[in-house]
Amino acid sequence: MAKVHVKTGDTVVLLTGKKEYKYDGKERKTGKVVEVSPKEGKVIVEGFNYVTKHIKPTRMGEQGGIVKAEAPIYACKVQLVCPKCNKPTRVGHEKDGKNVLRVCKKCGEKF
């Protein structure tokens, strides 16, 4: 298993991808990490990378149709947003006894 720099519940910014997600002069679009898959090196982010799935009814009376769902994207395409300074930042690591804390490279905040 490979280590991933984001955890479930983190706020992230998309670095590459579709035009509507990119920097437009004001703020980049941010989203919350819903699920992390370290084995594949992918994350599912709320509000990014929607795909349409065609669902077939499996039981009698159940309705099928087209459903929008969030698909996984590579973890290297997202960057963590620091909870203190609210800026996209790289993540450093610092040992505190047995625990390893993540550190914001811009403001030095531990989280």
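- A heavy-atom distance below 4.5 Å is found between the side chains of Lys53 and Ile55.
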Show your working on side-chain contact (heavy atoms from CB on, under 4.5 Å) between Phe111 and Leu80 and close with a plain yes or no. CA-CA 12 Å; Phe111 51 93; Leu80 186 69; 3.4 Å; yes
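- The closest donor-acceptor contact from the side chain of Lys106 to the backbone of Cys82 lies at 3.5 Å or more, if one exists at all.
- The two atoms that bring Cys76 and Leu15 nearest to each other are O-CD1, 4.0 Å, heavy atoms only.
- Put simply, Leu14 and Val6 are part of the same group of oily side chains (I, L, V, M, F, W, Y) that touch within less than 4.5 Å, one to the next.
- Within the 4.5 Å cutoff, side-chain heavy atoms of Ile73 are placed close to those of Val78.
- You'll find the side chain of Val67 stays beyond 4.5 Å of the side chain of His54, heavy atoms only.
- Residues forming a side chain to side chain donor-acceptor pair (under 3.5 Å) with Glu62 (at least two apart in sequence, or on another chain): Thr58.
- Hydrophobic clustering places Val4 together with Phe48 (ILVMFWY residues linked when any side-chain heavy atoms are closer than 4.5 Å, directly or through intermediates).
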Test side-chain contact (heavy atoms from CB on, under 4.5 Å) on Arg102 and Glu94 and set out the steps. CA-CA 6 Å; Arg102 297 185 299 170; Glu94 194 175 286; over 6 Å; no
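- Summarising the geometry of Gln79 relative to Pro88, their closest heavy-atom pair is OE1-CB, 3.5 Å, with the distance given to 0.1 Å.
- With Glu109 contributing its side chain and Cys85 its backbone, the two residues share no donor-acceptor pair below 3.5 Å.
- Under a 3.5 Å cut-off, the side chain of Asn99 and the backbone N or O of Asp96 do not form any donor-acceptor pair.
- In this structure a side-chain-to-backbone donor-acceptor pair under 3.5 Å is present from Asn49 to Ala71.
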